[in-house]
Amino acid sequence: MEAMRARTPDGFIPEAGTRWDPCSTLPPPLPGPALLRQTWVDVSFVHWAVDPAAVAPLLPEGTRPDTLHGRTYVGLVAFGVPSTLALNAIPVGAFGEVNVRLYSVDEHGRRGVVFLTMDTDAAHVVAAARSLTGLSYTWADVALRQGPDGRRAGAVRRRFPGTAQGSWSLRITDPISEPNELERFVTARWGLHTRHLGRTWWLRVGHRPWPLHRAELSHVDGNLLPVAGIEPLDERPVSVLWSPGVSCLFTPSLV
């Protein structure tokens with residue numbers, strides 16, 4: 001049976017008996033064959049607390065904000081994608097991505113991510129993802145840089161559609177052996193909700209548990225959050241994390 005279960009590009013196979021627990025660091029098995037295989041590297045996560053009632057109108061029909069002790073969160077997440085393979089046969093190429101995301105739960109109890117914006121420097125990815133999935137990809141200039149002593153920096157300037165820009169820098173600190181409750185809530189997400197062709201879709205994702213490090217934010221500026229319709233409760237982020245990355249699988253799921 002193990003040979004029949006989908007494995008990620010780095011060889012990871014979710015345990016067949018893993019219980020469905022959306023905030024577990026271990027993913028449950030995928031419900032079907034993977035339609036997309038992708039690798040994410042050099043991933044920066046910056047999160048702020050937001051009012052669930054304020055962001056609820058931004059979520060797809062049939063979903064509501066997922067909350068932790070009465071609060072929900074918005075993430076600014078940046079990473080490189082060195083490889084993508086669609087339908088196990090079609091290479092898509094490398095690109096950088098910066099997204100603004102919220103956390104959702106639907107009427108079936110499926111918890112996931114809702115992407116408000118997804119800026120990438122690959123115009124063909126924008127066209128394909130928008131037409132096939134309805135995901136909010138936009139064409140942008142994206143720069144992600146590595147510096148000495150664990151320093152990371154990035155910048156994005158949107159080309160089309162719309163205009164938005166931002167920049168940030170951080171310094172990677174200690175590795176995390178056991179993520180705390182908030183760190184699990186914003187990273188251990190095994191699916192996403194997207195509105196497309198008149199309905200809300202649930203796309204499942206599977207990958208190894210995130211290898212996480214805490215990080216110190218040096219600066220962040222720009223208008224990526226307000227353009228996405230977000231006003232954090234406090235300008236200071238509540239969580240700053242970094243990961244070297246994971247390889248992952250995507251497949252649609254109806255249950």
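Side chains included, hydrogens not; waters and symmetry mates left out as well; all remaining heavy atoms used.
- Nearest heavy-atom pair, T187 versus E183, reported as atom, atom and distance to 0.1 Å: OG1-O, 2.6 Å.
- Counting heavy atoms from C-beta outward, S104 and D66 have side chains that stay 4.5 Å or more apart.
- Under the 4.5 Å side-chain heavy-atom criterion for ILVMFWY residues, no single connected hydrophobic cluster contains both L76 and V186.
- With sequence neighbours left out, D149 forms a side chain to side chain donor-acceptor pair (under 3.5 Å) with no residue at all.
- Distance check: I172 CD1 to D42 CG gives 6.5 Å after rounding to the nearest 0.5 Å.
- Under the ring pair (Phe, Tyr, Trp, His ring centres under 6.0 Å) rule, W202 has a single partner from H108, H193, H196, which is H193.
- Between V126 and W139, the shortest heavy-atom distance links the atoms CG2-N, 3.7 Å.
- The aromatic rings of W190 and H207 sit tilted relative to each other, their planes meeting at an angle between 30° and 60°.
- With hydrogens and angles disregarded, no donor-acceptor distance shorter than 3.5 Å links the side chain of R71 to the backbone of T67.
- Contact check for E97 versus V142: no side-chain heavy atoms found under the 4.5 Å cut-off.
- Put simply, V46 and L241 are part of two different groups of oily side chains (I, L, V, M, F, W, Y) that touch within less than 4.5 Å, one to the next.
- Judged purely by atom type and a 3.5 angstrom limit, T120 uses its side chain to pair as donor or acceptor with the backbone of G96.
- Panel note: side chain R111, backbone V105; no donor-acceptor pair is recorded below 3.5 Å.
- Residues forming a ring-ring contact (aromatic ring centres under 6.0 Å, His included) with H213 (at least two apart in sequence, or on another chain): W242.
- In this structure, T39 contributes its side chain and S247 its backbone to no donor-acceptor pair below 3.5 Å.
- Classified by interplanar angle (parallel below 30°, tilted 30° to 60°, perpendicular above 60°), the ring pair F45/H47 is parallel.
- In this structure, R184 contributes its side chain and P179 its backbone to a donor-acceptor pair below 3.5 Å.
- Using a 4.5 Å heavy-atom cutoff, the side chains of F95 and T84 are in contact.
- For the residue pair P209 and V246, the shortest heavy atom distance occurs at O-CG1, 4.3 Å.
- No path of Ile, Leu, Val, Met, Phe, Trp and Tyr side chains, each step under 4.5 Å between heavy atoms, connects V77 with L58, placing them in separate hydrophobic clusters.
- Side-chain contact between L59 and L102 is present, with at least one heavy-atom pair separated by less than 4.5 Å.
- Residues P52 and P65 approach most closely at O-CG, 3.4 Å, considering heavy atoms.
- A49 and Y73 get closest at one heavy-atom pair: CA-CD2, 3.6 Å.
- When all heavy atoms are compared, the tightest approach of G245 to W210 is CA-CZ3, 4.3 Å.
- Under the 4.5 Å side-chain criterion, counting only non-hydrogen atoms from C-beta, T133 is not in contact with F250.
- Partners of E235 by side chain to side chain donor-acceptor pair (under 3.5 Å), not counting sequence neighbours: none found.
- Using a 4.5 Å heavy-atom cutoff, the side chains of R110 and T63 are not in contact.
- Scanning for side chain to side chain donor-acceptor pair (under 3.5 Å) contacts around R157 gives D141, with sequence neighbours left out.
- Using a 4.5 Å cut-off on side-chain heavy atoms (C-beta onward), F160 and T138 make no contact.
- A donor-acceptor pair is defined here as one N or O able to donate and one able to accept, closer than 3.5 Å; no such pair exists between the side chain of S44 and the backbone of A78.
- Both Y103 and W40 sit in one connected hydrophobic cluster of ILVMFWY residues. Membership requires side-chain heavy atoms under 4.5 Å apart, directly or through other members.
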Per-pair distances, 0.1 Å, donor-acceptor, side chain in residues 221-230, under 3.5 Å, sequence neighbours excluded:
{"unit_1": "D221", "atom_1": "OD1", "unit_2": "S167", "atom_2": "N", "d": "3.4"}
{"unit_1": "D221", "atom_1": "OD1", "unit_2": "S167", "atom_2": "OG", "d": "2.6"}
{"unit_1": "N223", "atom_1": "OD1", "unit_2": "Q165", "atom_2": "N", "d": "2.8"}

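- A cation-pi arrangement, defined by a distance under 6.0 Å to the six-membered ring centre and an angle within 45 degrees of its axis, is present between R199 and W201.
- Listed for the R204 side chain is a donor-acceptor partner under 3.5 Å among the backbone atoms of P29.
- No side-chain heavy atom of V205 sits less than 4.5 Å from a side-chain heavy atom of L192.
- In this structure, T72 has no side chain to side chain donor-acceptor pair (under 3.5 Å) partners at least two apart in sequence or on a different chain.
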